[in-house]
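Heavy-atom basis, side chains included; hydrogens, waters and symmetry copies ignored. Numbered from 1 within each chain, the chains take letters A, B, ... in sequence-line order.
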There are 2 protein chains.
Amino acid sequence: MSLIVQKFGGTSVGTVERIQAVAHRVIQTRNAGHDVVVVVSAMGKSTDVLVDMAKQITAEPPAREMDMLLTTGEQVSIALLSMALQAEGQSAVSMTGWQAGITTEDVHTKARIVQIDPATMQDALAAGNVVIVAGFQGITEDGQITTLGRGGSDTTAVALAGALKADLCEIYTDVDGVYTADPRIVSSARKLTTISHDEMLELATLGAGVLHPRAVECAKQHGVPLVVRSSFGYEEGTRVQEEVDMEQGLIISGIAHDKNVAKITVADMPMQVDTMSKLFTTLADEHINVDVIIQSSYEADTTNVSFSVSGDEVKRTLQILLREKEHLHFGYAVAEEELAKVSIVGAGMITNPGVAAQMFRCLADAGIEIKMVSTSEIKVSCVVPLEQMENAVRSLHTSFGLDVVERAVVHSAQ
Amino acid sequence: MSLIVQKFGGTSVGTVERIQAVAHRVIQTRNAGHDVVVVVSAMGKSTDVLVDMAKQITAEPPAREMDMLLTTGEQVSIALLSMALQAEGQSAVSMTGWQAGITTEDVHTKARIVQIDPATMQDALAAGNVVIVAGFQGITEDGQITTLGRGGSDTTAVALAGALKADLCEIYTDVDGVYTADPRIVSSARKLTTISHDEMLELATLGAGVLHPRAVECAKQHGVPLVVRSSFGYEEGTRVQEEVDMEQGLIISGIAHDKNVAKITVADMPMQVDTMSKLFTTLADEHINVDVIIQSSYEADTTNVSFSVSGDEVKRTLQILLREKEHLHFGYAVAEEELAKVSIVGAGMITNPGVAAQMFRCLADAGIEIKMVSTSEIKVSCVVPLEQMENAVRSLHTSFGLDVVERAVVHSAQ
């Protein structure tokens, strides 16, 4: 008998009917001879409703009380799922984060898990129960209720799987796996049967809503076998694992894209050692998330710095720069909007030089202007005009041989 | 500096605005130099919404999971109230039942409080916080979340007041005190300034929604000074205390009524030792709540038993009797509906014989037929025709001298 941890997100438990559907799937897993621990998120938009009430009371709700408030969402889900299982004759026990033995840092709204004591869960499993754990939450050593922040429920599932030495952690979501590209853009996109942890991390944008990078990190660290699959169908999902069978020798696993990118250039900055640190510390203090950064100098004593931000942050970024103009000593700042980022991701590129060159050639052949470039060991990203993003994704998908339909069944977009 | 426990019910925290109003009242109490522990219920109808979801999943939700589900309601309230207090600059800490140190029996949906460890609350108070505790909930010794059942939040408040040796426990509700009779029926009804615990218990029907009998019992046992007052105004409420100053020598404190009563008669039962026990065990097993019971025998070997039930239970009671006719060996059963129960309550009657006689005479003078009678040490109840109930209440109110308007200000009906 093996132990499987199954995680269902907010959409999967969004209504009473869906909770009942989740119960049926859990029972099927049980009937196949497995022990099951289920991790659930809050129902659909229920967290938004709670946040909304808090915001009506105060613009900046104290973090401790936000955690007290929001953890009720998952607690409702675990109770209802346990009822649904018991209504079908499957014995089940729901557990809040603290009941499941999840200890976190003494930080509110974004605590990290420090330790998991699996004894209570193991006792309940041994007694024949399905164990249902509230995702996203834990408790500090001195008894304060905390939440794990973004990606918290995915992280709970992976961490529990690690602590329980589970044979598999299944993340159920509203898509049926990780694709070589967004099927809405590339009709010949294929679902990947396997992907490495690092590739999954780099594909975060493609996988937005599929699997949170934190959970992937956690799975990588603890060697937890992970599968992403659909809660609405029974197709095989995508397995995230360290040893990838190289996907039939493909260098690139997938093409990711982000259609909401802007480029900001800060010109005529003094060429000093702390120029870059002053600029990006100022932005970080204001929680501006900067992605690609390029520094270039045309003259000996001044430098231009360009960086990309989310399209939603352009206005605020420019306001901050203007406010700090004296402090930062730059000449002028300009923004270029309506851009997109296209990335190729694949562990294969480590051992294959010339991948970046192939990408640039492919984009040039397609007549696509490259605005900015950034690279990591297993990723090359190009910022391009938004209007050419889809063309870029399709061209790259073909260029890197991802269009080939082989063993895997091609799935249409959700 | 004294310590006051204040309890606010679901209506008092029904909306964000009302939660903010509660915060203001708490701050006023603080500013008057008192330490404050606040106990709150779930917001308005939020418990009903949760119960409704559970019922959609299963007709009989498991008790443990109902507790897991329903305790989230109070947890939402404590978090929001703490935010509202902090938004006004008052430091505050919210606590679930288990965080506040409330241990209960190992029973779900109707657990009794076994013990309260006030240390965590006392530490938080000493640090200058208002402490906000989720009513209606606790935890078993082995970490299961429980609820206290009906009247649970009132009971939490009184029990905390006892454990903290509070100087006062204030129950805020949507009426401004306990009246000598329902002001909607008796226009000259007076609000009582004081009432004894026992009288308050007997007036439960008059006080429906005002103060739960369990909380009164608990206050009596632990000698907790208790006040019932309105959360919408600043009038003095009614003080529930052991030593009552006899309310200007009145024998009767109030007139209670229940307008939804039916009388059921089971005729021609065999005159055997276990006849009564068999009949009422059968009804108890089916959760039929029986109030007044009268047994009479006209012949040597058979007996007739009459009892009163809630008007809503008549049909089900007759069905059960019919089903068990063989087992119970009775001749026939009939129901008389459209009845009401009128009660006079007062500790003074213990030392004043003839109170029951005065009640019967008063009703007879008013031409009101008495269908059934039951008495306790401090209460006499008569079942009368529903159409004569209001007449009965008014006549008794006058007959027992309650109409007199004296020191106390007369309040109009809510």
Side-chain angles (χ1 to χ4, degrees), chain A residues 13 15-17 19-20 23 42-43 46 49-50 52-89 91-96 98-101 120 123 129 132 134 139 142-145, chain B residues 13 15-20 23 42-43 46 49-50 52-89 91-96 98-101 120 123 132 134 139 142-145:
Chain A
V13 294
T15 63
V16 164
E17 290 72 26
I19 287 172
Q20 289 170 320
M43 291 174 74
S46 65
V49 173
L50 294 172
D52 205 57
M53 284 199 290
K55 294 282 182 189
Q56 282 178 51
I57 287 177
T58 173
E60 293 192 8
R64 180 189 182 279
E65 302 303 340
M66 274 309 272
D67 285 354
M68 180 66 85
L69 182 68
L70 296 187
T71 48
T72 62
E74 285 74 23
Q75 193 171 328
V76 168
S77 297
I78 58 172
L80 294 177
L81 179 56
S82 182
M83 289 176 190
L85 282 165
Q86 293 182 59
E88 298 287 328
S91 56
V93 179
S94 67
M95 296 186 187
T96 61
W98 60 267
Q99 287 179 322
T120 311
D123 288 351
N129 294 291
I132 305 155
I139 193 177
D142 70 338
Q144 305 299 312
I145 296 173
Chain B
V13 294
T15 62
V16 164
E17 290 72 27
R18 290 201 175 167
I19 287 173
Q20 288 169 323
M43 292 174 73
S46 65
V49 172
L50 294 172
D52 205 57
M53 284 200 290
K55 293 282 182 189
Q56 281 178 50
I57 287 177
T58 171
E60 293 192 7
R64 179 188 182 280
E65 303 302 340
M66 274 310 272
D67 284 354
M68 180 66 85
L69 183 68
L70 296 186
T71 48
T72 62
E74 285 75 22
Q75 192 172 329
V76 168
S77 297
I78 57 171
L80 293 177
L81 179 55
S82 181
M83 288 176 191
L85 283 165
Q86 293 182 58
E88 299 287 328
S91 57
V93 179
S94 67
M95 296 185 187
T96 60
W98 60 268
Q99 286 179 322
T120 311
D123 288 350
I132 305 155
I139 192 177
D142 69 338
Q144 305 298 314
I145 295 173

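Highest contact tally toward chain B, considering only A:Pro61, A:Ala84, A:Pro62, A:Ala23, is held by A:Pro62 [criterion: heavy-atom pairs under 4.5 Å]. Ranked by non-hydrogen atom pairs under 4.5 Å with chain A, the options B:Ser77, B:Ser82, B:Ser94, B:Gly73 are led by B:Ser94. With respect to chain A, the highest number of heavy-atom pairs below 4.5 Å among B:Ile78, B:Thr58, B:Val76 belongs to B:Val76. Highest contact tally toward chain A, considering only B:Gln144, B:Arg64, B:Gln20, is held by B:Arg64 [criterion: heavy-atom pairs under 4.5 Å].
At most 12 heavy atoms of other shown residues, nucleotides or ligands fall within 6.0 angstrom of atom CD in B:Glu60.
Proximity to chain A (any heavy atom under 4.5 Å) is restricted, for B:Ile19, to the side chain, taken from C-beta onward. Contact annotation for B:Gln56: both backbone and side-chain heavy atoms come within less than 4.5 Å of a heavy atom of chain A. In this structure, the portion of B:Ala92 lying under 4.5 Å from any heavy atom of chain A is its backbone and not its side chain. Proximity to chain A is limited to the side chain of B:Ile139, based on heavy atoms less than 4.5 angstrom apart. Both the backbone and the side chain of A:Thr96 come within contact range of chain B, with heavy atoms under 4.5 Å apart. If you measure heavy-atom distances from B:Gln86 to chain A, the contacts under 4.5 Å come from the side chain alone.
Across all their heavy atoms, B:Met68 and A:Gln99 have their closest contact at CE-OE1, 3.2 Å.
In this structure, CG on A:Asp142 lies 9.5 Å from OG1 on B:Thr120, to the nearest 0.5 angstrom. From B:Leu85, atom CG reaches atom CD of A:Glu65 across 9.5 Å, with rounding to the nearest 0.5 Å. Distance CD/A:Glu74 to OG1/B:Thr72: 11.0 Å, rounded to 0.5 Å.
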Exercise for the section: Show your reasoning for whether side chain to side chain contact (heavy atoms under 4.5 Å, CB included) applies to A:Met53 and B:Leu80. Expected result: CA-CA 8 Å; A:Met53 284 199 290; B:Leu80 293 177; 4.0 Å; yes
